[in-house]
Protein chains: 2
Amino acid sequence: MFKVSRKSEYALIAVQHMARRARDGVTSVAELAQAENIPPDILAKVLQGLKRAGLLTAAKGAGGGYRLSRPVQEIQFLDVVRPFEEQLSVVTCQNDHGGCDRGGDCTLRDPMKVLNAFVLRQFSNLTMDMFLSPHKLVHHARADVTIAESALHRWSAEADVAG
Amino acid sequence: MFKVSRKSEYALIAVQHMARRARDGVTSVAELAQAENIPPDILAKVLQGLKRAGLLTAAKGAGGGYRLSRPVQEIQFLDVVRPFEEQLSVVTCQNDHGGCDRGGDCTLRDPMKVLNAFVLRQFSNLTMDMFLSPHKLVHHARADVTIAESALHRWSAEADVAG
DNA sequence: TGAACGCGGACCAATTCGGTCCTGATTCAA
DNA sequence: TTGAATCAGGACCGAATTGGTCCGCGTTCA
Ligand code: SF4
Ligand code: SF4
């Protein structure tokens with residue numbers, strides 16, 4: 001249930017690559033495809049997707065290519081992946097375009113909503129620089145909060161508000 | 001990328017249902033299917049799957065049905081879902097049957113491994129009783145550790161060990 | 001003895017996914 | 001000015017997955 005699509009992987013690799021060869025930045029599809037061993041055609045679409053998402057800027061013509069539009073520390077994991085994942089929710093009813101054919105009396109709806117919110121929140125703190133430098137250490141190693149506890153906490157908070 | 005399969009949802013609903021009507025426990029497929037508005041045929045398979053996973057016990061014959069084989073607090077979310085999700089990893093190379101056609105020089109492999117381990121660890125603390133009682137509150141609301149920090153911490157720890 | 005029930009294989013239609021191909025637009029450089 | 005390099009993106013394909021149905025079998029209890 002957690003698996004990212006292949007396109008997402010390509011996207012992550014691409015961002016990784018372009019961040020490393022940060023030199024003065026511009027990288028063509030062909031160049032990247034060969035360097036990272038990715039089918040050029042599909043990589044092209046992936047990069048187009050990233051551009052549409054605002055993560056890359058494109059330069060056409062000879063000598064052109066793509067360039068990261070902002071520093072890698074400011075790019076979230078979810079930003080990179082989102083264009084290639086039809087939905088990021090745990091459950092279809094939690095989606096924007098979000099209908100569920102089943103009747104409205106689903107006992108799973110509420111807990112899943114809480115779970116979904118928590119998961120997304122966790123992931124939203126993942127930035128792409130972590131995929132580059134293992135030594136970029138965070139020393140704030142705090143207590144080992146699990147989804148279980150946090151989810152429960154939030155849920156009960158909501159339940160209190162609701163009555 | 002997080003979406004659970006429909007079968008998993010049915011499984012979760014089923015466990016929920018059987019835990020609520022804990023009375024003396026036994027519930028037939030037809031009964032459950034009607035009560036929760038689930039196609040009986042497919043629900044049958046779902047329950048079979050849960051039985052194979054050891055979560056349910058079955059009683060054949062007239063008056064038979066399924067019964068939870070252990071208290072709901074001891075059933076993990078992942079236990080319920082696992083039989084219906086072909087892989088629980090973020091990435092295919094991280095799987096048991098786990099080949100990736102791409103060459104062995106994937107720059108995404110290591111960070112994904114860390115991420116995957118963390119996600120699974122988080123989810124392994126989710127038990128099914130949380131899907132029932134919002135008031136089963138945990139007061140240990142500790143610091144707001146994110147995947148980001150913990151993942152980085154573990155990764156760098158591994159990096160230290162590795163050299 | 002027969003109805004209620006679990007067991008499980010065969011099958012199906014729709015969707016998704018990874019990937020290829022091909023046809024433009026641009027733009028720079030020779 | 002020409003043409004190669006490069007992005008842009010639609011059309012298409014085969015394979016796999018998914019959600020679901022159907023049907024026949026074995027078991028067990030009333
Ligand atoms: S309403 Fe229930 S069955 Fe439908 S998508 Fe939401 S959780 Fe799943
Ligand atoms: S090796 Fe790389 S491309 Fe292959 S599954 Fe693992 S992370 Fe993805």
Side-chain angles (χ1 to χ4, degrees), chain A residues 1 3-14 18 25-34 36-53 55-67 69 81 83-88 91-92 95 97 99-102, chain B residues 1 3-11 13-14 18 25-34 37-53 55-67 69 81 83-88 91-92 95 97 99-102:
Chain A
M1 60 174 286
K3 194 176 132 196
V4 301
S5 74
R6 205 51 171 261
K7 288 180 189 173
S8 292
E9 291 194 316
Y10 291 153
L12 291 166
I13 291 173
M18 297 179 73
V26 62
T27 315
S28 78
V29 171
E31 194 182 336
L32 182 48
Q34 195 198 1
E36 298 286 357
N37 189 29
I38 298 175
D41 286 310
I42 194 173
L43 178 61
K45 305 225 159 151
V46 167
L47 295 188
Q48 284 169 35
L50 290 178
K51 184 209 166 188
R52 271 192 289 263
L55 290 170
L56 302 180
T57 58
K60 291 185 183 179
Y66 289 97
R67 182 194 312 257
S69 60
V81 148
F84 312 105
E85 308 288 336
E86 81 289 13
Q87 76 168 346
L88 285 178
V91 122
T92 58
N95 198 5
H97 323 300
C100 175
D101 34 343
R102 304 198 343 116
Chain B
M1 61 176 282
K3 195 176 132 195
V4 302
S5 75
R6 206 52 172 261
K7 289 180 189 173
S8 293
E9 291 193 314
Y10 292 153
I13 293 173
M18 298 180 72
V26 62
T27 315
S28 78
V29 171
E31 194 181 335
L32 181 48
Q34 196 198 2
N37 189 28
I38 299 175
D41 287 308
I42 194 173
L43 178 60
K45 305 224 158 146
V46 167
L47 296 188
Q48 283 169 35
L50 290 178
K51 183 208 166 187
R52 271 191 288 263
L55 291 170
L56 302 180
T57 57
K60 292 185 183 179
Y66 289 98
R67 180 194 313 257
S69 59
V81 149
F84 313 104
E85 308 287 336
E86 80 291 11
Q87 75 169 346
L88 285 179
V91 122
T92 58
N95 198 4
H97 325 300
C100 174
D101 34 345
R102 305 199 340 117

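All heavy atoms count here, side chains included; hydrogens, waters and symmetry mates do not. Small disclaimer: the values here were computed from a predicted structure and weren't measured.
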A.B. asks: Give the minimum heavy-atom separation between A/L88 and A/V81, together with the two atoms involved.
C.D. replies: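 Reported closest heavy-atom pair: CD2-CG1, 4.3 Å.
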A.B. asks: Could you tell me the separation between the CD atom of A/E36 and the CD atom of A/E9, rounded to the nearest 0.5 Å?
C.D. replies: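 Going from the CD atom of A/E36 to the CD atom of A/E9 covers 12.5 Å.
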A.B. asks: Hey, what do you get for CE (B/M1) to CE (A/M1), rounding to the nearest 0.5 Å?
C.D. replies: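 Going from the CE atom of B/M1 to the CE atom of A/M1 covers 9.5 Å.
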A.B. asks: Just so I know, are the side chains of B/L55 and B/Y66 near enough to count as touching, which here means a heavy-atom distance under 4.5 Å?
C.D. replies: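 No, every pair of side-chain atoms sits at 4.5 Å or beyond.
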A.B. asks: Can you see which heavy atom on B/T57 is nearest to which on B/S69, and at what distance?
C.D. replies: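 Minimum heavy-atom separation between B/T57 and B/S69: CG2-CB, 3.8 Å.
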A.B. asks: Could you write nucleotides 8-14 of chain C as a row of B, S and -, 5' to 3', where a protein heavy atom under 4.0 Å of any base atom gives B, of only sugar-phosphate atoms gives S, and otherwise -?
C.D. replies: BBB----
A.B. asks: Reading DNA chain D 5' to 3', which nucleotide is the first, and which the last, to come under 4.0 Å of any heavy atom in chain B?
C.D. replies: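 Counting from the 5' end, contacts occupy D/dT18 to D/dC29.
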A.B. asks: Counting N and O atoms only, with roles assigned by atom type, does the side chain of A/R67 sit under 3.5 Å from a partner on the main chain of A/A59, one being a donor and the other an acceptor?
C.D. replies: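 Such a contact is absent between A/R67 side chain and A/A59 backbone.
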A.B. asks: Would you give the length of the straight line joining atom CZ of B/R6 to atom CD1 of B/I13, rounded to the nearest 0.5 angstrom?
C.D. replies: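 Nearest 0.5 Å value for the CZ-CD1 distance: 8.0 Å.
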A.B. asks: Between atom CD in B/E86 and atom P in C/dC17, what is the gap in whole Å?
C.D. replies: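 In whole Å, C/dC17 P lies 12 Å from B/E86 CD.
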A.B. asks: Would you mind reading off the distance between B/L55 atom CG and C/dG6 atom P, rounded to a whole angstrom?
C.D. replies: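 That distance rounds to 17 Å.
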A.B. asks: Determine the contact category for B/A44: base if any of its heavy atoms lies under 4.0 Å from a base atom, sugar-phosphate if only primed atoms, P, OP1 or OP2 are that close, otherwise nothing.
C.D. replies: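 It contacts nothing in the nucleic acid.
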A.B. asks: Can you give me the closest heavy-atom contact between B/T92 and B/C100, atom names plus distance?
C.D. replies: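 Result for this residue pair: OG1-CB, 4.4 Å.
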A.B. asks: Whole-Å distance between C/dG18 P and A/Y10 OH?
C.D. replies: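 Rounded to the whole Å, the gap is 8 Å.
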A.B. asks: Side chains of B/M18 and B/L56, heavy atoms from C-beta outward: is any pair under 4.5 Å?
C.D. replies: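 Counting from C-beta outward, B/M18 and B/L56 do come under 4.5 Å.
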A.B. asks: Sugar-phosphate means primed atoms, P, OP1 and OP2; the rest is base. With that split, encode nucleotides 25-30 of chain C 5' to 3' as B, S or - using protein heavy atoms under 4.0 Å.
C.D. replies: -BBS--
A.B. asks: What integer distance in Å separates B/Q34:CD from C/dC5:C1'?
C.D. replies: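 After rounding, the reported distance stands at 16 Å.
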A.B. asks: Rounded to whole Å, please give me the gap between OH in B/Y66 and P in C/dA4.
C.D. replies: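 It works out to 18 Å between those atoms.
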A.B. asks: Between A/A30 and B/R6, who's closer to the 5' end of DNA chain D by nearest nucleotide?
C.D. replies: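 The residue closer to the strand's 5' end, by nearest nucleotide, is A/A30.
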A.B. asks: Do A/L47 and A/Y10 make a side-chain contact, defined as non-hydrogen atoms from C-beta onward lying under 4.5 Å apart?
C.D. replies: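 No. Closest side-chain heavy atoms not under 4.5 Å.
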A.B. asks: Using whole Å, what does the distance between atom C1' of nucleotide C/dG6 and atom CE of B/M18 come to?
C.D. replies: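 Answer to the nearest Å: 13 Å.
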A.B. asks: Okay, side chain of A/E85, backbone of A/S5: is any donor-acceptor separation there less than 3.5 Å?
C.D. replies: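 Yes: the side chain of A/E85 pairs with the backbone of A/S5.
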